[in-house]
Asker: 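The structure under discussion is supplied below as structure tokens; questions concerning it will follow.
One is the number of the first residue; the rest follow in order along the sequence. Values in this document were obtained by computation on a predicted structure and should not be read as measured data.
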Amino acid sequence: MLSTKSSKKPQTYFPLENEKNLDPLLERIGDAKYVLLGEASHGTHEYYTWRAQISKRLIKEKGFSFIAVEGDWPDCYKINSWVKEFQQSPETISAVLQNFKRWPTWMWGNWEIAAFATWLRNYNTKKASENKVGFYGLDVYSLWDSMSTIVEYLEKEDPQTAKLAKDAIYCFEPYKATDSYSSVFSSGKEDCRDEVLRLLQEVRVKKHNYDHVKEAGLNAEINALVMANAETYYKAMAIFGSHSWNVRDRHMVETLNTITNYHGDDTKVIVWAHNTHIGDASATDMAEDGLINIGQLIRNQNPKKDVVLVGFGTYSGSVIAGSRWGAPMQKMKVPEAKPNSFEYQLHQIDPNDKLLIFDKNTELKESFSKTIGQRAIGVVYNPDREYGNYVPSQISERYDAFVYLDKTSALNPLKIDSDKNKSPDVYPFGI
């Protein structure tokens with residue numbers, strides 16, 4: 001471990017007080033095409049605001065094309081439509097964010113996202129249509145919404161393919177009222193995969209015919225992809241195995257690649273997701289259980305120079321979370337990090353916000369290449385069971401850089417009535 005006695009900070013502990021302090025990170029990113037920005041919870045104000053500051057600079061200074069987040073495609077696409085000023089978008093961002101009714105509503109329905117989306121819309125106003133920066137969701141949970149969206153669109157634009165969509169919906173329809181995917185697949189019911197794969201194949205063949213409406217082909221393709229992969233995901237969840245995690249993260253990467261291909265060869269991508277999805281799983285104990293994640297897959301699919309993974313963490317503070325799945329959101333205390341954890345050691349070295357860049361200093365990289373616990377708070381959280389919330393990690397292998405925020409505060413949610421009927425009946429791993 002680096003000495004805490006020296007008054008001279010290691011070269012790569014950069015102070016983090018304002019936007020200008022991000023210069024070393026922008027230098028490290030260089031010409032990378034993929035920048036993945038994490039968070040150690042889904043309810044911390046500073047994670048959202050610092051990710052926004054980094055993203056603004058990447059967009060303005062390095063020409064990044066879109067942001068893809070750990071959120072549902074249909075709801076996030078409404079943000080995308082608003083920031084690009086598509087026709088029939090609501091007048092205000094608050095009206096757009098009211099669409100996020102699926103628990104946890106606070107994750108994207110918050111003032112921090114409202115502020116960033118407003119900035120992005122203002123930025124896009126000065127850009128040509130093809131250069132406007134997008135905002136998309138990657139997750140697999142929006143099965144019913146994706147079904148509804150694609151049928152409504154295809155009935156107007158492509159009645160023949162709409163029939164395939166209706167056939168797929170018919171397969172799932174008996175289970176819509178309760179969202180009881182587990183009972184569907186554990187009972188041995190014949191799966192719906194053939195129907196949704198036929199739909200996905202047909203939409204992919206015809207997607208360019210839909211683009212007389214901006215991004216309509218992309219929207220149709222991703223909704224069909226959600227339908228196909230959601231069937232696989234919930235079937236895996238029914239047996240309560242780790243396979244469902246891998247299905248979900250592979251879906252998010254497949255969605256990301258689909259969006260990237262749509263935007264062309266020069267596309268540069270920002271991803272916002274939890275550290276457990278962003279930080280390379282092969283450098284954690286997740287690998288022992290056969291788990292993979294977005295960061296690992298993107299690293300494996302691209303040259304090393306094209307991918308930068310940035311983790312986030314805190315020593316103490318407060319957070320928005322629920323005591324169980326579907327519970328009312330609460331402002332909870334985040335206790336001081338447990339002794340000898342990664343966050344604890346950074347606090348002991350220097351209890352100030354800081355930026356770490358691991359490949360700029362051999363001592364730093366080697367020091368954090370050994371396994372150490374790193375805190376991970378999910379949408380479900382119990383501060384009294386804090387010691388179970390640490391992922392054994394080789395930090396300098398898991399990330400290329402790390403944003404450490406010594407004391408953080410809770411996110412600022414909008415008031416949105418959650419729709420419990422839209423919540424999956426099982427939520428894996430609490431993240």
Side-chain angles (χ1 to χ4, degrees), residues 37 39 41-45 47-49 51-52 55 66-84 86 88-121 134-150 152 176 179 215 219 222-223 226 230 248 251-252 255 259 270-274 277 319-322 324-331 377-381 410-425 427 430-431:
L37 304 176
E39 60 181 354
S41 83
H42 287 313
T44 299
H45 167 77
Y47 298 156
Y48 283 69
T49 54
R51 288 192 306 192
S55 299
F66 64 84
I67 298 166
V69 306
E70 187 187 340
D72 292 340
W73 172 268
D75 293 339
C76 291
Y77 191 75
K78 292 180 175 68
I79 297 179
N80 179 69
S81 298
W82 190 81
V83 300
K84 292 183 177 179
F86 287 175
Q88 298 181 332
S89 290
E91 184 175 342
T92 67
I93 187 59
S94 295
V96 174
L97 296 180
Q98 290 298 319
N99 289 290
F100 287 84
K101 295 183 178 181
R102 188 189 315 280
W103 195 93
T105 60
W106 69 84
M107 189 170 163
W108 300 112
N110 57 67
W111 290 110
E112 289 80 357
I113 290 297
F116 178 74
T118 300
W119 175 88
L120 190 54
R121 180 179 168 113
F135 189 99
Y136 304 106
L138 298 176
D139 226 328
V140 74
Y141 290 130
S142 62
L143 177 60
W144 306 122
D145 288 343
S146 291
M147 284 180 174
S148 175
T149 298
I150 198 167
E152 181 179 352
K176 183 176 181 180
D179 244 357
E215 299 190 7
N219 193 20
I222 300 298
N223 279 308
V226 168
R248 183 183 173 209
H251 166 81
M252 288 196 276
T255 301
I259 305 168
I270 303 165
V271 177
W272 292 0
H274 199 280
H277 298 291
V319 68
I320 295 292
R324 54 179 169 75
W325 179 253
M329 62 184 177
Q330 301 177 49
K331 181 178 178 181
I377 295 173
V379 290
V380 175
Y381 182 53
L411 197 64
N412 296 284
L414 295 171
K415 292 183 178 180
I416 300 174
D417 293 330
S418 63
D419 184 346
K420 292 185 178 180
N421 289 332
K422 290 187 176 182
S423 298
D425 59 346
Y427 191 73
I431 300 298

Asker: Considering non-hydrogen atoms only, spot the tightest contact between Gly322 and Trp106 and give its length.
Answerer: N-CH2, 3.9 Å
Asker: Grab the two heavy atoms, one from Ala410 and one from His45, that are nearest each other, plus how far apart they are.
Answerer: O-CB, 3.4 Å
Asker: To the closest 0.5 Å, what do you measure between OG (Ser81) and CD (Glu215)?
Answerer: 7.5 Å
Asker: Could you check if a side-chain atom of Tyr381 sits within less than 4.5 angstrom of a side-chain atom of Val319, using non-hydrogen atoms only?
Answerer: yes
Asker: Using only atom types and a distance under 3.5 Å, with no angle test, would you say the side chain of Trp103 pairs donor to acceptor with the backbone of Ala327?
Answerer: yes
Asker: Where do Ile270 and Ser55 come nearest, in terms of heavy atoms and distance?
Answerer: CG2-OG, 3.7 Å
Asker: Salt-bridged, Asp72 to Arg102, with N to O below 4.0 Å?
Answerer: yes
Asker: Do NZ/NE/NH1/NH2 and the carboxylate oxygens of Arg51 and Glu112 come within less than 4.0 Å?
Answerer: no
Asker: Yes or no on side-chain contact (heavy atoms from CB on, under 4.5 Å) for Ile320 and Lys331, after CA distance, side-chain angles and deciding distance?
Answerer: CA-CA 5 Å; Ile320 295 292; Lys331 181 178 178 181; 4.1 Å; yes
Asker: Mind telling me whether Trp119 and Phe116 have parallel, tilted or perpendicular rings, with 30° and 60° as the class edges?
Answerer: parallel
Asker: Roughly how far, to the nearest 0.5 Å, is OH of Tyr48 from CH2 of Trp272?
Answerer: 8.5 Å
Asker: Show the numbers, then the answer: is there a side-chain contact (heavy atoms from CB on, under 4.5 Å) between Phe66 and Ile259?
Answerer: CA-CA 9 Å; Phe66 64 84; Ile259 305 168; 3.5 Å; yes
Asker: Got a second to check how far His42's NE2 is from Asn110's CG, nearest 0.5 Å?
Answerer: 12.5 Å
Asker: Here's a test for you: under side-chain contact (heavy atoms from CB on, under 4.5 Å), which of Asp139, Ile113, Leu138, Val69 qualifies with Cys76?
Answerer: Val69
Asker: Please list, chain by chain and in numerical order, all residues satisfying side-chain contact (heavy atoms from CB on, under 4.5 Å) with Ala115, sequence neighbours excluded.
Answerer: none
Asker: Run the ring pair (Phe, Tyr, Trp, His ring centres under 6.0 Å) test against Trp82 and tell me which residues pass, sequence neighbours left out.
Answerer: none
Asker: Take Arg248 and Glu70, measure what side-chain contact (heavy atoms from CB on, under 4.5 Å) needs, and give me the verdict at the end.
Answerer: CA-CA 11 Å; Arg248 183 183 173 209; Glu70 187 187 340; 3.1 Å; yes
Asker: Can you list everything that forms a ring pair (Phe, Tyr, Trp, His ring centres under 6.0 Å) with Trp111? Sequence neighbours excluded, please.
Answerer: none
Asker: Look up atom CZ in Phe100 and atom CD1 in Ile79, then write down how far apart they are to the nearest 0.5 Å.
Answerer: 3.5 Å
Asker: Of Val96, Leu120, Ile93, which is the lone residue that meets side-chain contact (heavy atoms from CB on, under 4.5 Å) with Val83?
Answerer: Leu120
Asker: Which pair of non-hydrogen atoms, one from Leu414 and one from Met329, has the smallest distance, and what is that distance?
Answerer: O-CE, 4.4 Å
Asker: To the nearest 0.5 Å, how far apart are OG1 in Thr105 and CE in Met107?
Answerer: 11.5 Å
Asker: Nearest 0.5 angstrom please: Leu37 CG to Tyr47 OH, how far?
Answerer: 13.5 Å
